[in-house]
Asks: 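The structure under discussion is supplied below as structure tokens; questions concerning it will follow.
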Amino acid sequence: MREAAILSLRACVALLAMPIYILSFVGIWQPFCRNVFFPFFFDKFSVVYERKTKKQKQELFRSLPDFKSPSGELKLLEIGTGHGVNFQFYPPGCKVTCTDINPNFQQSLQRNMNKNQHISYEHFLIAPGEDLHQVPSGSLDAVVCTLVLCSVHNVNGILKEVLRVLRPGGAFYVLEHVAADHSSWKYFWQQVFYPTWKLIFNGCCLTKEIWKNLEEANFSELHLQHTTVALPWTPIQPHIIGYAVK
């Protein structure tokens, strides 16, 4: 009964989004979404999301100075930098390498760089998180990833690269929306919206259980908790937040 209801409601959602499905079928939607719609949408969404998660991010990134190298430097890489909304939370003097697979965030990224002169910007790489070959092994004190793993093809591939580029004792910080409890109505609606949501929002998956990937990765410590971000009427309220140590 539950599966039948999900399939029926998926069809209704797909019907409402039929123009986008047609644009996708003829090959127009994906490049438009990647180059125009998603950067524009994410810029507007970030304003709301950052307001909702500000206290959680402040608490999450408070421990970043603990992972400075013996020389006193803190070299940090952010996977999926996007608009640079996390810059405000990084400690003064932090040396940041920015990476993103999508180069279409430049205007808002520059705006946030100008607002956050307390950190220095080392490198800007157009690269997927699964392939950071331009970054030397063991060269970083911290890696940050927020609202990125939901839309990547290979979470384990990213975690493998994170472990490679971190020095021993370095930390991986994460804040991601994830699948809700399988017995909940939230998970029911995540399943309903899953196909159309993924199409509209550039591959964003609603039902990933990213905490399992982190638990199975080769980190020496994992400090992770499940939390909720107050985003009413959306299927992305369940989150995980925390950090893992190499």
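Model, not experiment: these values are computed from the prediction.
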Asks: Could you tell me the separation between the OG atom of Ser139 and the CZ atom of Arg164, rounded to the nearest 0.5 Å?
Replies: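 These two atoms lie 7.5 Å from each other.
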
Asks: Determine, stepwise, if the pair Cys94 / Lys75 fulfils side-chain contact (heavy atoms from CB on, under 4.5 Å).
Replies: CA-CA 6 Å; Cys94 178; Lys75 293 185 177 181; over 6 Å; no

Asks: Side chains of Leu175 and Gln56: does their closest heavy-atom pair fall under 4.5 Å?
Replies: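 Answer no - side chains too far apart.
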
Asks: What is the minimum heavy-atom distance between Phe87 and Met113, and which atoms define it?
Replies: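 Looks like CE1-CG, 3.7 Å.
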
Asks: I'd like to know whether Tyr243 forms a side-chain contact (heavy atoms from CB on, under 4.5 Å) with Leu214, so could you lay out the CA-CA distance, the side-chain angles of the two residues, the decisive distance to 0.1 Å, and finally the verdict.
Replies: CA-CA 10 Å; Tyr243 65 92; Leu214 288 162; over 6 Å; no

Asks: Take Leu64 and Leu76 through the test side-chain contact (heavy atoms from CB on, under 4.5 Å) and record every step on the way to the result.
Replies: CA-CA 9 Å; Leu64 269 173; Leu76 180 152; 4.0 Å; yes

Asks: Any chain of hydrophobic side-chain contacts (each under 4.5 Å) joining Ile240 to Phe219?
Replies: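 Yes, because Ile240 and Phe219 connect within a single hydrophobic cluster, where side-chain heavy atoms sit under 4.5 Å apart.
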
Asks: Do Ile28 and Ile200 sit in one hydrophobic cluster, given that two such residues count as connected whenever their side-chain heavy atoms are within less than 4.5 Å of each other, even indirectly?
Replies: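 Per the 4.5 Å side-chain linkage, Ile28 and Ile200 are co-clustered.
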
Asks: Pairing donors with acceptors under 3.5 angstrom, does anything connect the side chains of His223 and Glu221?
Replies: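 The answer is yes; a qualifying pair exists.
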
Asks: To the nearest 0.5 Å, what is the distance between CD1 on Ile236 and SG on Cys204?
Replies: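 It comes to 6.5 Å.
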
Asks: Which value, rounded to the nearest 0.5 Å, describes the distance between Thr99 atom OG1 and Asp131 atom CG?
Replies: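 Answer rounded to 0.5 Å: 11.0 Å.
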
Asks: Looking only at heavy atoms, what is the nearest atom pair of Thr196 and Ala17, with distance?
Replies: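 Thr196 and Ala17 have their closest heavy atoms at CG2-CB, 3.7 Å.
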
Asks: Is any side-chain heavy atom of Thr97 closer than 4.5 Å to one of Phe124?
Replies: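 In short, these two side chains do not touch, never coming nearer than 4.5 Å.
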
Asks: Any donor-acceptor pair under 3.5 Å linking the side chain of Ser184 with the backbone of Tyr187?
Replies: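 Here the side-chain-to-backbone pair exists.
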
Asks: So with a 6.0 Å cut-off around CG of Asn114, is the heavy-atom count from everything else above 12?
Replies: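 Enclosed: over 12 neighbouring heavy atoms sit under 6.0 Å from CG of Asn114.
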
Asks: Answer yes or no: is there an ion pair linking Glu209 with Lys212, defined by an N-O contact shorter than 4.0 Å?
Replies: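 Answer for the salt bridge query: yes.
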
Asks: Do Lys68 and Glu73 sit within salt-bridge range, that is, some charged N less than 4.0 Å from a carboxylate O?
Replies: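 So Lys68 does not pair with Glu73 through a salt bridge.
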
Asks: Taking side-chain contact (heavy atoms from CB on, under 4.5 Å) as the criterion, tell me which of Leu222, Val245, Leu159, Leu163 meets it with Phe172.
Replies: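 Looking at Leu222, Val245, Leu159, Leu163, the match for Phe172 under the side-chain contact (heavy atoms from CB on, under 4.5 Å) is Leu159.
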
Asks: So, Tyr90 versus Glu78: side-chain donor-acceptor pair below 3.5 Å or not?
Replies: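 Note: Tyr90 and Glu78 side chains meet the donor-acceptor criterion.
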
Asks: Below 4.5 Å, heavy atoms only, C-beta onward: do Leu77 and Leu166 meet side chain to side chain?
Replies: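 Counting from C-beta outward, Leu77 and Leu166 never come under 4.5 Å.
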
Asks: Passes ring-ring contact (aromatic ring centres under 6.0 Å, His included), Trp29 versus Tyr21? Steps please.
Replies: CA-CA 8 Å; Trp29 175 253; Tyr21 276 91; over 10 Å; no

Asks: Salt bridge check: are Lys57 and Glu50 linked by an N-O gap of less than 4.0 Å?
Replies: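 Here Lys57 pairs with Glu50 in a salt bridge, since their nearest N and O are under 4.0 Å apart.
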
Asks: Return yes if some donor-acceptor pair links the side-chain N/O of Asn112 with the main-chain N/O of His83 below 3.5 Å, else return no.
Replies: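 It does hold such a pair.
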
Asks: Between Tyr49 and Phe42, does the ring-ring contact (aromatic ring centres under 6.0 Å, His included) criterion hold? Intermediate values first, please.
Replies: CA-CA 10 Å; Tyr49 187 80; Phe42 202 71; 7.9 Å; no

Asks: Does Val85 share a hydrophobic cluster with Leu147, counting links as ILVMFWY side-chain heavy atoms below 4.5 Å and allowing steps through other members?
Replies: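 Result: no, two separate clusters.
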
Asks: Determine whether the aromatic ring centres of residues Trp197 and Phe201 are separated by less than 6.0 angstrom.
Replies: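 Between Phe201 and Trp197, the centre distance is under 6.0 Å.
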
Asks: Is it the case that atom NZ in Lys246 sees more than 12 heavy atoms from other parts of the structure closer than 6.0 Å?
Replies: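 Buried by this count: over 12 neighbours within 6.0 Å.
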
Asks: Do Asn102 and Pro39 make a side-chain contact, defined as non-hydrogen atoms from C-beta onward lying under 4.5 Å apart?
Replies: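 Heavy-atom side-chain distance check passes, below 4.5 Å.
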
Asks: Write down the atom of Asp141, the atom of Ser69, and the distance for their closest heavy-atom approach.
Replies: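 Nearest heavy atoms, Asp141 then Ser69: OD1-CB, 3.3 Å.
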
Asks: Look at the side chain of Asp100 and the backbone N and O of Ile126, then say whether any donor-acceptor pair between them is shorter than 3.5 Å.
Replies: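 Such a contact is absent between Asp100 side chain and Ile126 backbone.
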
Asks: Find out whether Leu224 and Val174 are in side-chain contact, i.e. whether some heavy atom of one side chain is under 4.5 Å from a heavy atom of the other.
Replies: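 With C-beta onward as the side chain, the pair touches.
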
Asks: Taking side-chain contact (heavy atoms from CB on, under 4.5 Å) as the criterion, tell me which of Ile210, Ile79, Val178 meets it with Leu149.
Replies: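 Between Leu149 and the candidates, side-chain contact (heavy atoms from CB on, under 4.5 Å) is satisfied uniquely by Ile210.
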
Asks: For Lys208 and Val152, which heavy atoms make the closest approach, and how far apart are they?
Replies: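 Closest approach of Lys208 to Val152, heavy atoms only: NZ-O, 2.6 Å.
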
Asks: Find out whether Phe188 and Leu9 are in side-chain contact, i.e. whether some heavy atom of one side chain is under 4.5 Å from a heavy atom of the other.
Replies: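 They are in side-chain contact.
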
Asks: Kindly check if the number of other-residue, nucleotide or ligand heavy atoms within 6.0 Å of CZ (Phe41) is above 12?
Replies: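 Result for CZ/Phe41: enclosed.
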
Asks: Kindly compute the distance separating CZ (Arg2) from CD (Gln191), expressed to the nearest 0.5 Å.
Replies: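 So the CZ of Arg2 and the CD of Gln191 are separated by 6.0 Å.
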
Asks: Using the side-chain contact (heavy atoms from CB on, under 4.5 Å) rule, take Gln237 and Val229 through it: C-alpha gap first, then chi angles, then the decisive distance, then the call.
Replies: CA-CA 5 Å; Gln237 296 182 63; Val229 174; 5.7 Å; no

Asks: Contact between Ile119 and Lys95 at the side-chain level, heavy atoms closer than 4.5 Å - yes or no?
Replies: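 Answer no - side chains too far apart.
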
Asks: Just how far is it from atom CD of Glu176 to atom OG of Ser151, taken to the nearest 0.5 Å?
Replies: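 So the gap between those two atoms works out to 8.0 Å.
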
Asks: Does some side-chain heavy atom of Glu161 sit less than 4.5 Å from a side-chain heavy atom of Ile158?
Replies: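 Answer no - side chains too far apart.
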
Asks: Under a single-linkage definition using a 4.5 Å side-chain heavy-atom cutoff for Ile, Leu, Val, Met, Phe, Trp and Tyr, are Ile20 and Phe32 assigned to the same hydrophobic cluster?
Replies: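 Cluster IDs for Ile20 and Phe32 match.
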
Asks: As an exercise, state the distance from CG of Asp43 to CZ of Phe38, rounded to the nearest 0.5 Å.
Replies: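 Separation between the atoms: 11.5 Å.
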
Asks: Answer yes if the side chains of Tyr173 and Thr146 hold a donor-acceptor pair under 3.5 Å, and no otherwise.
Replies: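 Side-chain D/A pair, Tyr173 to Thr146: absent.
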
Asks: Looking at Asp181 and Lys186, is there a salt bridge between them, counting it only when a charged N and a carboxylate O are closer than 4.0 Å?
Replies: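 Result for this pair is no, no salt bridge flagged.
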
Asks: How close do Lys54 and Phe89 get, counting heavy atoms only, and between which atoms?
Replies: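 Residues Lys54 and Phe89, closest heavy atoms: O-CE2, 3.9 Å.
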
Asks: Pairing donors with acceptors under 3.5 angstrom, does anything connect the side chains of Gln30 and Ser24?
Replies: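 Yes.
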
Asks: Membership question, hydrophobic clusters at under 4.5 Å side-chain separation (ILVMFWY): are Phe37 and Val148 in the same one?
Replies: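 Val148 and Phe37: separate clusters.
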
